[in-house]
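The structure appears right after this line, and notes come after that.
Convention: sequence-line order gives letters A, B, ...; per-chain numbering from 1.
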There are 2 protein chains.
Amino acid sequence: MSKHRPTIADIARRAGVSKVAVSYALNDRPGVSPATRASIKAIAEEIGWRPNSAARALTRARADTVGLALSRPARMLGVEPFFMELISGIESELSARGCALLLQVVTDPAQELEMYHRWWGEGRVDGVFLADVRSPDPRIEGVAELGMPAVVIGHPSAAGSLTPVWSDDSAALRDTLTYLAALGHRRVARVAGLPELAHTRLRDRAQREISAELGLDEPVVVHTDYSGEEGAHATRRLISSAARPTAVIYDNDIMAVAGLSVAQEMGLDVPADLSLVAWDDSQLSRVVRPPLTALSRDIPAYGTHAARTLLAMVADGSAPGFEDAAARLVPRGSTAPPR
Amino acid sequence: MSKHRPTIADIARRAGVSKVAVSYALNDRPGVSPATRASIKAIAEEIGWRPNSAARALTRARADTVGLALSRPARMLGVEPFFMELISGIESELSARGCALLLQVVTDPAQELEMYHRWWGEGRVDGVFLADVRSPDPRIEGVAELGMPAVVIGHPSAAGSLTPVWSDDSAALRDTLTYLAALGHRRVARVAGLPELAHTRLRDRAQREISAELGLDEPVVVHTDYSGEEGAHATRRLISSAARPTAVIYDNDIMAVAGLSVAQEMGLDVPADLSLVAWDDSQLSRVVRPPLTALSRDIPAYGTHAARTLLAMVADGSAPGFEDAAARLVPRGSTAPPR
DNA sequence: CACGGGCACTTACCCGGTTCAGTAACTCCG
DNA sequence: CGGAGTTACTGAACCGGGTAAGTGCCCGTG
């Protein structure tokens, strides 16, 4: 067997036609007789021909690849199931359309933007996803300037001129606070994520407004880096504070689990003494005791929608944003009326 | 500003030389005077030129990309921090060498092999990683046949003719069992992962052999799908069995946490009534009460070594395998002498 | 039976960067 | 001062596909 991958020239030689005829035949374009087309396809199949993606990218100016750079420290990435689930959802849509995902883990947003410059300049990708949007976020303007198709995974208010795919955190928070208020809670605190992230700020504001509306106390919000350690620390502080909250909402599940452990360790009964809600549901929420009441959403579907939107942008030059379903509150054993 | 990305022809025109001179200048190859080289580089910098990766791949027959396809169901992926940490480690090495990572989540190994066929046939990747090796695993032979550089993330015994990068699970298990034996445990069970995975089998065998050596009881091993649910279920069964184990080793941390919850729910005191050990450490192990004794390893470093090995294979055609450090036992509050 | 038109296929050239084989001009040396 | 060797650079071809613009050939038709 020859050591080189077969090309259309090889097929053309075998079929006794020009390589143009082969190209037409394989791309199902008119200009070849059915008989020739069939024989060309048979030969292609037989020698295991695949179109060289580089050659194709060169003429079509399409890479059939989209990029995702994540700017979180490595230790943070393992922690949250969110990204893996998002990626698997993105993938399922991409692979169905023969598109690949280029992934890069970087340490900061500046480096991420530089990555996008490189990818775009090198023609490696047709578009990118932007996650973990900050406010303000230099990536937004940077990517917009490049004219590269991009989908922001986050609220429109933070997406600038780019196309957003988002879910309504405010509605989810309203459900949760309404539920907690109905149970009789008045002091609902929140252990939030990184304060520089746009969605953290949006949640902060929504919580203040909705709390006021519902007649709850002004909420105490503690910002963390999403790690279990900081979640535990924040919980300890909240429990020890003068106006101890009767319910706490955590911006991810690892912090909620950490909070649960801390509360139990400090002799509190969950949910009688303290109710806990985890934002984003995972197996973790279900395996601890009591199981955690959680804000559940279909993250793979979220990724799928983002991918679909990005592919539409690449194909048509633009695409409408997409609002995904809001997270759904799943009450479990960690919430109850306060004592 | 022109709508097209600048090419070396643009630079050549501006510099008043041929595009060949530009190519030589930009690649630091002899054949251009220092003055010309400098001016060409300045122009390239000024107009923001980047080499088109497709064009480059076409001539050099190098994609500067390696692939990783993961064949686990989506819901499984989010659960384990392992892959995200591995990927971030792989990335850090790749990006330092200007290489990209193509990621694909597929549903089964057959599809994964098909993916590798496609990638290789299309010239999209220079090599791939193989994770979650089964025994037997059709991917091993399939990839070997293609002649595609590949690194197996797993034990040499399962890697066939491919190059392995692995860590010694047997040594880690020996440390753990020796430690538990020293504490006085005799019935040490294990809640293991998928039985079809080669490393699960290796651990199973090692556990039997080492247990016998140390004079422990023949170990009970329950296989699961790595999910918290099955971990909880397995733990319930073990606790309810006639010969209840006094210590349990879990093949991942989510199952260990699930097991901890189940044990506590069933009224057992951890560690007095039941000692627990988690294989692979994460934040999770530290935030629960008691914190879990864990087999800790530097997973990003593992990924880095795998990437380094693969890049060496791509460059030189072959590379020696690499044995990474074995997991280190980190004793925490979940292990103690049996009552 | 000449002519328009469609079919099946080819020739020629492009994409963007690399490589090989020149070719002038300039330097060195006997 | 002629020939060898070096330097700085260029033209043409190539990688593996794609597209635009032909070119014969057969067919139907007025």
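Taking side-chain N and O atoms only, A:Ser23 has a distance below 4.0 Å to OP1 or OP2 of D:dG18. Taking only side-chain nitrogens and oxygens, A:Asn27 comes nearer than 4.0 Å to OP1 or OP2 of D:dG18. Contact between the side-chain N/O atoms of B:Arg56 and the OP1/OP2 oxygens of D:dC15 is not found at any separation under 4.0 Å.
The backbone N or O of A:Glu85 lies less than 3.5 Å from no partner atom in the side chain of A:Tyr302, so there is not a single donor-acceptor pair. The main-chain N or O of A:Arg29 is found under 3.5 Å from a side-chain atom of A:Arg37 such that the two form a donor-acceptor pair.
Between B:Arg5 and B:Asp10 no salt bridge is recorded (no basic side-chain N to carboxylate O distance below 4.0 Å). Classification of B:Arg50 and A:Glu122 as a salt-bridged pair fails, no side-chain N sitting under 4.0 Å from a carboxylate O. Between A:Glu93 and A:Arg97 a salt bridge is recorded (basic side-chain N to carboxylate O distance below 4.0 Å).
Across all strands, B:Arg62 comes closer than 4.0 Å to no nucleic acid atom at all (heavy-atom distances). Within the nucleic acid shown, B:Val22 has no heavy atom closer than 4.0 Å to any nucleic acid atom. The residue B:Arg50 sits close only to the backbone: its heavy atoms come under 4.0 Å of sugar-phosphate atoms, none of a base.
If you find the closest nucleotide of DNA chain C to B:Trp49 and to A:Ser18, the one lying nearer the 5' end belongs to A:Ser18. Annotation: of the two residues near DNA chain D, B:Val20 and B:Leu58, the 5′-most nearest-nucleotide partner is B:Val20. Where A:Lys19 and A:Tyr24 meet DNA chain D, the nucleotide closest to each residue was compared, and A:Lys19 sits on the side nearer the 5' end.
B:Trp120 is not listed as a side-chain neighbour of B:Val143, based on a closest heavy-atom distance of 4.5 Å or more. Contact check for A:Val152 versus A:Asp137: no side-chain heavy atoms found under the 4.5 Å cut-off.
We find that CZ of A:Arg13 is positioned 12 Å from P of D:dG17, with the value rounded to whole Å. Across the protein-nucleic acid pair, A:Arg5 atom CZ and D:dG17 atom P stand 10 Å apart, rounded to whole Å. Summarising the geometry, the separation between CD1 on A:Ile8 and P on D:dC15 is reported as 12 Å, rounded to the nearest angstrom.
Interface residues of residues 31-48 of chain B facing DNA chain C, ordered by number: none; criterion, heavy-atom separation under 4.0 Å.
Listed candidates were D:dT10, D:dT19, D:dG16. Nearest to the side chain of A:Ala55 is D:dG16.
Using a 4.0 Å cutoff to heavy atoms of chain A, the contacted part of DNA chain C runs 5' to 3' from C:dA8 to C:dG16.
Each of A:Met313, A:Arg308, A:His305 was compared with A:Val151 under the side chain to side chain contact (heavy atoms under 4.5 Å, CB included) criterion, and only A:Met313 meets it.
Note that CD of A:Gln104 and CG of B:Leu94 are 8.0 Å apart. Values are rounded to the nearest 0.5 Å.
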